[in-house]
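If you're wondering where the values come from, they're calculated on a predicted model, not measured in any experiment.
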Amino acid sequence: MAENIHQLGIKTTIIEASKQVLPPLDYDMAVFLHKHLRESGVELVLNDAVASFIQRDGTVSKVSLSSGREIPTDMVIMSVGVKPEVGLAKMAGLAIGERGGIVVNEQMQTSDPHIFAIGDAVEAKDYITGEAALIPLAGPANKQGRIVADVIAGRKAAYSGTQGTAIAKVFGLVAASTGANEKTLHKMGIPYTVSYTHLGDHASYYPGSSEMHIKLIFDPEDGRILGAQIIGREGVDKRIDVLAAALRRKETVFHLQEIELAYAPPFSSAKDPVNLAGYTAGNIINGDMEVIYWHEIEQLDRESTLLLDVRTAAEYEVGHLPGAVNIPLQELRERLSELPKGKEIIIYCRVGFRGYLAYRILVQNGFKKVRNLSGGWLTYKALLDEKRLGEREQVVQEVSAAAGPAVKPAIKSSNEPEQQTERLRIDACGLQCPGPIVKVFETMQEMKNGDILEVSATDPGFVSDIKSWCDNTGNRLLEIKREGNVIQAVIRKGQIGQEPLESDSSLNRLQDEQNTLVVFSGDLDKAIASFIIANGSASMGKKVTMFFTFWGLNILRKAQKTPVKKNFMERMFGWMMPRGSVKLPLSKMNMLGMGPQMIRKIMQQKNVSSLEELIEQAKQLNVQMVACNMTMDIIGIKKEELIDGVEIGGVATFLNAADQSGTTLFI
C-alpha cells in the first residue's frame, strides 16, 4: 500500500511498533529494506506504536505515537495483521487451537471427522518445527483443497505441513523467504547456524548485474536446510524457489553445491548464487572456515583480538571497523610478519570471499585463532547504519518531548524582499562514482546561496553519496527519489537563514581540512583509485595534495617523447619505464598489455571516466599535484617531460601537507 500511494505522489509514512518491517524476515535482512524504503522517499518510523488518533471536524487529522510524536495525516490505513474467522466453527462445536485457528489433522479433518477445514482459518503443521502454525498463504490453501477432494473421493492423501514460502515487491527490491527464521528457531530451542552471501544475480561482466543478499539457515551438524531469506532486485524468485524445493525434500547445504542450474551470462554465473550459498555453508560445517557474526563484534576483547581488513586501501578509507588494521589480500603473504600469532585475528572484507581466502592463508601459515566475519563489511555496515539512525531518532524524540509544542514561525514582513532563486538541472546519468558528485560540486560552484539544483543519476551509490555530500558541505537535500533505475535528487545550496555557502563557518572549517595522497605506484589500477579518491575528496570541498614519487611519477609523464638532455643511465630508466598514463600496466593480470586494454574498454562501456579524464578532472578541482624532486633526479625524469599543472617539490612539501591533513594515504 505504501508503495502504490507514494507512487501517486502522496507523502507516505509507515509506522511499525517493532524494530523491523516484514516479520518473516530476520532483522539483519530487513535492514536492507529499511534503507531502500527511506531512499525511495517513504518515511519509516520503527519501535514506535500508535497511541491514539486525533480527530478534527469528525475526521482523523493526526496520529499520536507512544513517543509523544504527532504525525499530520489525511488518511490512515491499518495493517496490523490477520486472525482466523472461526465463528462458524465455534458454533459447530469444533476444536479451536491455542493460536486461534481450527484444529485439523493431516487429512484436513476437524474434530468432527465429517467436517473438513482448509486455508487461512486452520492451524497447519509448521514443516520445520512440527508445531501448529497460522500461515495465511494462497499456495498452501489451494494444495489443502486438492487433498480434501482426494480424501473425500477415497484416495490416500495427507498434508505434510507449511513452510511459509513467500515473496513481496518493495519498490525496486524483492524480499523472499522460506522455512523457519532465526527468531522461530531460537524460541523453539532448535540448533542452527547461518551464513550470509552477497552475490550478483548474473555474471558481473554482463551488463545489468545487481547484488542479492542471501541468508541461509541450516543444521550445524548435518547441514539440513532449515530456512532461507533473500533480498535483491532480479532473480530472487527463482533462487527462493530452488531453496524452497530443497528444503521440502529435507536436503542439506551439500546438495545445494551439486544442483545443476541453467547458466548463461545474462541469467546466472557458472556457480549460481544457490551453489555458492551451499559452498559457503559447507565450508562452515566442514571446519574449512570459522566465522564470527555481526552481533558478536562488539563483545570482542580488543586487547586479545586484532581486526584485519583485507580490502583495498580505497575501500578501507571509505569505511571500516574501528581499530582495524588494513592489509590488502594481495599483500597478505608478504606481510604475515606484521600479524601477532598470540592474538585472535578477526578477518573481514566486503562480502566474505576475500576474507575466506585470507583465512586460508593465515591458517596454512600457522595462525591458530582466526575467524572470518560472515557477510563481511556489507552486512555489518547495514546493521551499523540502522543502529546509528535509530539512536539519532531517539535523541530527536527526546529533544522534541522536552521542548514541548512547536512554536509557530513568525509571519514574514511584507516589506522583506523575496529572495530570487534559480532552478538548475543537470543530467549525470551513465556516470559512475565519483562522476555524479563531481558534476554536482562543479555546478554548485557557479550557483548562489538558496538556488535549487535538480540532479538525475543512475549510479546506485549516488543515493548514499549525495546525502553524505550535502551533510558535509552545508547544503540541504530537499528530496530524493527513484524512477526505475534513475535517481533524482533536489538540492538547495546552503541552508535557509544562513549566510552564503562560501562564508559558512562549518564549510570553511571543512575546506581547511586537507587530504594527502602519496602515489608510489605506477600501476594503472592503483592510479585510477588514487584519482577517484582525490577527486571525491576535492568534491567534498577538501584541499587535496597528491605527492608522486618513484614509479608514481610515470603517471605524470607526457605520452609524447620530449627532447631533453640525459646521461646514459637516465636514458636507460626512461626506456624501461612507461611513458605516461596511457602506457601504465596493471598490478595483476597485465597479460603483456592486454589487461589494461580490457580494463579501459570495460570502463568505456560502463561510462567510467578514464585515467586521463580523471587527471583533467583533478586539475579542474584544483587538486595539487606535486612531483618528488629527489626521485626525479634519481631516475632521470625532467620537468619538461611532465604534464602541465604539476609542481616540483621535496619531502618538506609532503610533510607540510601531511601535517595539515585529516587523512594521509600511501598508494
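In this structure, a donor-acceptor pair under 3.5 Å is present between the side chains of D26 and Q229. Side-chain contact of S160 with R248: a donor-acceptor pair under 3.5 Å is present, judged by distance alone. Side-chain atoms of D301 and T305 form no donor-acceptor pair, as typed in the model, at a separation below 3.5 Å.
What you find for I285 and G223 is that their closest heavy atoms are CD1-CA, 3.3 Å. Between A176 and L25, the shortest heavy-atom contact is O-CD2, 4.0 Å. Across all non-hydrogen atoms, the minimal contact from P191 to L226 is O-CD1, 3.8 Å. Residues I225 and L247 come closest through the heavy atom pair O-CG, 3.8 Å. Looking at every heavy atom in both residues, N181 comes nearest to P24 through ND2-O, 3.1 Å. Closest of all the heavy-atom pairs between S268 and P273 is OG-CD, 4.2 Å.
With a 4.5 Å cut-off on side-chain heavy atoms, E16 and V45 do not count as touching. Taking 4.5 Å as the limit, every side-chain heavy atom of V82 sits out of range of all side-chain heavy atoms of D120. The shortest side-chain heavy-atom distance between Y356 and C349 does not fall under the 4.5 Å cut-off. Residues Q257 and N275 are not in side-chain contact: their nearest non-hydrogen atoms beyond the backbone lie 4.5 Å or more apart. Contact of the D241 side chain with the I167 side chain is not registered, since no non-hydrogen atoms from C-beta on lie closer than 4.5 Å. Contact of the F367 side chain with the I345 side chain is registered, since non-hydrogen atoms from C-beta on lie closer than 4.5 Å. In this structure, the side chains of T193 and Y293 come closer than 4.5 Å at one or more pairs of heavy atoms. Counting only heavy atoms from C-beta outward, the side chains of V236 and I231 never approach each other to under 4.5 Å.
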**OP:** Show your reasoning for whether ring-ring contact (aromatic ring centres under 6.0 Å, His included) applies to Y192 and H186.
**Re:** CA-CA 8 Å; Y192 69 91; H186 181 74; 7.4 Å; no

**OP:** Would you sort out whether T178 and Q163 count as a side-chain hydrogen bond (donor to acceptor under 3.5 Å, both in side chains), showing the intermediate values?
**Re:** CA-CA 6 Å; T178 188; Q163 63 194 74; 3.0 Å; yes

**OP:** Mind running side-chain contact (heavy atoms from CB on, under 4.5 Å) on E106 and K125 for me, showing each step along the way?
**Re:** CA-CA 8 Å; E106 290 184 341; K125 183 178 73 172; 3.9 Å; yes

**OP:** Test side-chain contact (heavy atoms from CB on, under 4.5 Å) on D385 and Y380 and set out the steps.
**Re:** CA-CA 9 Å; D385 289 346; Y380 184 86; over 6 Å; no

**OP:** Check the pair L373, I347 against side-chain contact (heavy atoms from CB on, under 4.5 Å), reporting the backbone distance first and the verdict last.
**Re:** CA-CA 6 Å; L373 178 60; I347 305 171; over 6 Å; no

**OP:** Applying salt bridge (Lys or Arg N to Asp or Glu O under 4.0 Å), run through E251 and R224 and close with a yes or a no.
**Re:** CA-CA 6 Å; E251 291 186 346; R224 180 192 167 194; over 6 Å; no

Subject >> Check against side-chain contact (heavy atoms from CB on, under 4.5 Å), L46 and H34 >> reply: CA-CA 10 Å; L46 301 171; H34 296 171; 3.6 Å; yes

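Between the side chain of H202 and the backbone N or O of S209, at least one donor-acceptor pair lies under 3.5 Å. Remark: the backbone N or O of T129 is paired with a side-chain donor or acceptor of D126 at under 3.5 angstrom. No donor-acceptor pair closer than 3.5 Å links the side chain of H6 to the backbone N or O of F171. Under the 3.5 Å distance criterion, the side-chain polar atoms of T312 are matched with a main-chain donor or acceptor of E315. A donor-acceptor distance shorter than 3.5 angstrom exists from the side chain of E123 to the backbone of R99, with no hydrogens or angles considered. A distance-only check finds a donor-acceptor pair linking the side chain of D525 to the backbone of S587 [under 3.5 Å]. At distances below 3.5 Å, not a single donor-acceptor pair connects side-chain atoms of S40 with backbone N or O atoms of V42.
In this pair, H198 and H213 present their aromatic rings perpendicular. The plane angle is above 60°, beyond the 30 to 60° band.
Between D28 and K215 there is a salt bridge, with a side-chain nitrogen of the basic residue lying less than 4.0 Å from a carboxylate oxygen of the acidic one. A salt bridge is defined here as a Lys NZ or Arg NE, NH1 or NH2 lying under 4.0 Å from an Asp or Glu carboxylate O, and K187 with E131 fails to meet this definition. A salt bridge between D309 and R311 is present, with a side-chain N of the basic residue lying under 4.0 Å from a carboxylate O of the acidic one. Ion pairing between a basic and an acidic side chain is recognised when a charged N comes within 4.0 Å of a carboxylate O; E386 and K381 show no such pairing. Contact check on R239 versus D201 returns no salt bridge, with no Lys/Arg side-chain nitrogen under 4.0 Å from an Asp/Glu carboxylate oxygen.
Enclosure of atom CD in E260 is not indicated, since only 12 or fewer non-hydrogen atoms of other residues, nucleotides or ligands lie within 6.0 angstrom. Residue-environment remark: CD (Q20) exceeds the threshold of 12 foreign heavy atoms within 6.0 Å. Shown here is E98, whose CD atom has no more than 12 heavy atoms of other residues, nucleotides or ligands within 6.0 Å. Within a 6.0 Å sphere centred on NZ of K343, heavy atoms belonging to other residues, nucleotides or ligands number more than 12. Surrounding CZ of R335 are more than 12 heavy atoms belonging to other residues, nucleotides or ligands, all under 6.0 Å away. Around atom NZ of K183, more than 12 heavy atoms belonging to other residues, nucleotides or ligands sit under 6.0 Å away.
Atom CG of D288 and atom OG1 of T280 lie 11.0 Å apart (nearest 0.5 Å). With values rounded to the nearest 0.5 angstrom, Y316 atom OH is found 10.5 Å from I327 atom CD1. Atom CG of L173 and atom CD of E3 lie 10.0 Å apart (nearest 0.5 Å). If you take CG on L216 and CG on L243, they are separated by 6.5 Å, rounding to the nearest 0.5 Å. Of the inter-residue distances, the one linking L44 atom CG with E39 atom CD reads 12.0 Å to the nearest 0.5 angstrom. Atom CZ of residue R38 and atom NE2 of residue H36 lie 12.5 Å apart, to the nearest 0.5 angstrom.
Just one residue in the list L332, N326, I346, N372 forms a side chain to side chain contact (heavy atoms under 4.5 Å, CB included) with L308, and that residue is L332. A salt bridge (charged side-chain N to carboxylate O under 4.0 Å, His left out) with E344 is found for exactly one of R302, K368, K369, R371, namely R371.
Ring-centre distance between H320 and Y348: not below the 6.0 Å cut-off.
Under a cutoff of 6.0 Å and an axis angle of 45°, K19 and Y27 form a cation-pi pair.
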